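Counting starts at 1 for both ligands and their atoms, in listed order. When a residue number appears, it is its place in the shown sequence, counting from 1. Computed from a predicted model, the values in this text were never measured in an experiment.
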Amino acid sequence: MDLQPILDGISAKIRPHLSDGRVADYIPALARVEREQFGMAIVTCEGQTAQTGAAETLFSIQSISKVFTLTMALGKIGNNLWHRVGREPSGSAFNSIMQLETEHGIPRNPLINAGAIVVTDVILSNRSLISENGIGEPGYDAVQEILDFVRLTAHDPSIAIDREVAESEAAHGFRNASLANFMKSFGNLENPVERSLRVYFHQCAIAMNCEQLARAGLFLAADGRDPISGKKVVSAPRARRINAIMLTCGHYDASGDFAFKVGLPGKSGVGGGILCIVPDVAAIAVWSPGLNKNGNSHAGTLALEMLAKETGWSIF
Ligand SMILES: NC(=O)CC[C@H](N)C(=O)O
């Protein structure tokens, strides 16, 4: 299938929709991103690539980082993760605190903020790297390990953290701090709250473009093995399960709607990006900063809907 004309067509059709939605404004670094931007990139399991629009413009991956940290945490503690975080859709906003009280500090799933903070805590407690003098700021190593993992899967060592975004996440992260403190009170965080939050804020602030993101997610489309390098990232059953969680939980309280419209596992972030997996076929990344009321990219979702329709790609 020739993907380039399909992407070019979507790019033209999406234009009138780029002014819909609102750019995330909880931190200044995201609030000043120009809304009318759109980029999309596809990498197939056979190594074919196609891209359109601002596919090389860096954006803040935000919650899309939760897919990479989930993969890492499962690699470290396997199914023990499920004692500390569930795998059910939450049906509520990404930063909701409500369910945590009735569910005793166990977040519904790893792709909402509370769940991702637990996942971060697992990474912190099970770091592979030890700082040079062994007594350095322990959080530093976990941040570096997450960044290294993303660089490895994307095959791009230039990927970096936007320090300004990371700092303002911390300066404005009152809601995330409440989630973390609440979970700590139930004994579901092993590390000091500030340390887990620091790592979480830094993973959200990783800056990537659509090309890099699609490449980084490709192992999830190919049974956990990077089909281009041949390197195994996770086992096939694990890749299948990460995809299942993306499908059911990747768009917060709009996960059902995304499955209905697009029919593929996907993970969104408030930076306007979405990573989408077509099992056995391709990984797709789309970016447009205008968000719908659920905090998911408005034009990005629409573009994926168009792509699914035109290619027939769906898991259903
Ligand atoms: N949905 C998101 O992308 C949320 C990430 C954001 N940094 C937060 O923690 O609130």
Which of the ligand 1 atoms, numbered from 1, are nearer than 4.0 Å to a heavy atom of [X]:
X: Cys204; answer: 7 (N)
X: Gly269; answer: 3 (O)
X: Tyr200; answer: 5 (C), 8 (C), 9 (O)
X: Asn176; answer: 8 (C), 9 (O), 10 (O)

Verify the distance criterion only: is there a donor paired with an acceptor across the side chains of [X] and [Y] at less than 3.5 Å?
X: Glu169; Y: Gln62; value: yes
X: His298; Y: Asp20; value: yes
X: Thr120; Y: Gln203; value: yes
X: Asn113; Y: Asn176; value: yes

In the protein, what heavy atom is nearest to [atom], and what distance, to one decimal place, separates them?
atom: atom 8 (C) of ligand 1; value: Asn113 ND2, 3.4 Å
atom: atom 3 (O) of ligand 1; value: Ser63 OG, 2.7 Å
atom: atom 1 (N) of ligand 1; value: Tyr252 OH, 2.7 Å
atom: atom 5 (C) of ligand 1; value: Gln62 OE1, 3.2 Å

Interatomic spacing from SG in Cys204 to CD1 in Ile61 - rounded to 0.5 Å: 8.0 Å

Glu103 with Arg108: basic N within carboxylate O range, under 4.0 Å: yes

Option among Thr153, Asp226, Asp156 that satisfies the side chain to side chain donor-acceptor pair (under 3.5 Å) test with Arg215: Asp226

Contact (N/O only, under 3.5 Å) between Phe94 and ligand 1: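 Between Phe94 and ligand 1, no N or O pair is found under 3.5 Å apart.
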
Aromatic plane relationship, Phe94 with Tyr252 - under 30° parallel, 30 to 60° tilted, over 60° perpendicular: tilted

Mode of Glu169 contact toward ligand 1 - side chain, backbone, both, neither (heavy atoms, under 4.0 Å):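 Near ligand 1, Glu169 shows its side chain, while the N, CA, C and O stay back.
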
Any Asn95 heavy atom less than 4.0 Å from ligand 1: no

